[in-house]
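Here is the structure we will look at.
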Amino acid sequence: MIKKSKLPLMFALLVAAGLSGCVKERFEGPGDGTKRPVVFSPQVTRGAGTRAMDKHPIENITGQTDAALIPDGKTFGVYAWAKETASATVGNFAGLQNKSVERDGTQYKYDDVAFWPQDDGARMSFFAYDPHSSTTDAGGLITATRGADDAQWMKVAYTVPADAGQHIDLMYAKTAMMGVTDPVPLDFRHALARLKFEGRTEGFADGSTVKITGIKVKGATLKGELVVLDPATQPDKAFWELDDATKGDMSIPAAHIKNVALDGT
């Protein structure tokens with residue numbers, strides 16, 4: 001049975017993701033004087049939802065440099081919808097359908113650059129998720145899908161890996177319909193919760209040393225779909241549809257535990 005949850009009951013322990021704080025325009029040059037490329041300025045701000053790790057590397061942390069915040073070579077996926085003219089209906093924008101956008105130094109680049117519609121009344125909206133996953137990947141842990149032409153929504157199916165070392169910090173972003181905006185701001189939010197375990201010793205002799213060698217989480221939901229809805233009608237709406245059939249126990253071995261010796265004193 002599938003049920004909805006407003007809270008991300010799945011969790012991640014380690015991270016493998018990266019986005020941005022600021023961006024420079026990559027697509028400079030004379031062009032033809034009318035076509036404007038779509039470029040992005042993604043960021044993750046403090047307080048934007050829960051997180052799956054401590055001190056996320058792409059958050060805006062005072063005193064850190066741009067290079068320290070944004071790992072190179074990381075990618076996020078983008079979907080877009082467009083009204084090609086003021087009177088047109090909304091439709092999927094062919095140039096940005098699960099497009100992989102990569103951080104490269106101070107730039108964000110992607111293949112087959114998309115351009116804004118040239119009509120003065122044109123508008124576009126954007127949905128994004130991190131990290132990017134190709135929909136053609138068989139057996140992947142992340143699968144992204146999007147709504148039809150007139151249905152602006154995105155779903156990101158996620159399966160918690162059995163290996164705790166492969167857990168990720170899944171994030172999402174969305175914008176309302178907008179005219180030409182250079183760059184497009186993407187405010188990413190954390191979709192998963194980070195769990196922190198703390199231990200305490202009682203009844204041990206003075207000088208005893210206790211170490212945690214393993215943790216078992218019982219009854220964890222291991223699969224679900226993150227549903228991100230139309231920002232025009234649901235500006236802050238995103239929720240998990242959890243698959244109760246995937247509930248089970250998860251073991252976290254010592255290799256993935258940051259162990260600090262507990263002194264019996």
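Because the structure is a prediction, the values reported are computed rather than measured.
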Interatomic spacing from [atom1] in [X] to [atom2] in [Y] - rounded to 0.5 Å:
| X | Y | atom1 | atom2 | answer |
| --- | --- | --- | --- | --- |
| Met171 | Ile168 | CE | CD1 | 9.0 Å |
| Asp243 | Thr159 | CG | OG1 | 9.0 Å |
| Thr181 | Arg123 | OG1 | CZ | 8.5 Å |
| Thr175 | Met124 | OG1 | CE | 8.5 Å |
| Tyr79 | Thr145 | OH | OG1 | 6.5 Å |
| Asp130 | Arg103 | CG | CZ | 13.0 Å |

Are any of the side-chain heavy atoms of [X] and [Y] separated by less than 4.5 Å?
| X | Y | value |
| --- | --- | --- |
| Phe115 | Val180 | no |
| Asp149 | Val90 | no |
| Arg146 | Asn92 | yes |
| Phe40 | Lys99 | no |
| Lys174 | Met154 | no |
| Ser125 | Met178 | no |
| Asp182 | Arg36 | yes |
| Ser133 | Thr143 | no |

Check whether any side-chain N or O of Lys83 sits under 3.5 Å from a backbone N or O of Ala122 as a donor-acceptor pair, and report yes or no.
no
Could you tell me whether Asp249 atom CG has more than 12 heavy atoms of other residues or ligands within 6.0 Å of it?
yes
Let me know which of Leu226, Leu170, Leu222 forms a side-chain contact (heavy atoms from CB on, under 4.5 Å) with Tyr158.
Leu170
Verdict with supporting geometry, Leu186 and Phe76, side chain to side chain contact (heavy atoms under 4.5 Å, CB included)
CA-CA 11 Å; Leu186 293 174; Phe76 59 92; 3.7 Å; yes
What's the verdict on side chain to side chain contact (heavy atoms under 4.5 Å, CB included) for Val160 and Met250, showing C-alpha distance, side-chain angles and the deciding distance?
CA-CA 10 Å; Val160 178; Met250 174 174 292; 3.2 Å; yes
[X] versus [Y], closest heavy-atom pair with distance:
| X | Y | result |
| --- | --- | --- |
| Phe126 | Val184 | CD1-CG1, 3.7 Å |
| Tyr172 | Ala191 | CD2-CB, 4.1 Å |
| Ala80 | Gln97 | O-NE2, 3.2 Å |
| Ser251 | Lys216 | OG-CE, 3.5 Å |

When you compare the side chains of Asn98 and Tyr129, does any donor N or O come within less than 3.5 Å of an acceptor on the partner?
yes
Between Thr75 and Glu102, does any side-chain donor sit less than 3.5 Å from a side-chain acceptor?
no
Check the pair Asp236 / Arg189 against side chain to side chain contact (heavy atoms under 4.5 Å, CB included), numbers first and verdict last.
CA-CA 10 Å; Asp236 298 316; Arg189 296 173 178 266; 4.2 Å; yes
Sorted by chain and residue number, the side chain to side chain contact (heavy atoms under 4.5 Å, CB included) partners of Ala114 (sequence neighbours excluded) come out as Val38, Phe93, Leu96, Tyr110
Do Phe127 and Trp81 have ring centres separated by under 6.0 Å?
yes
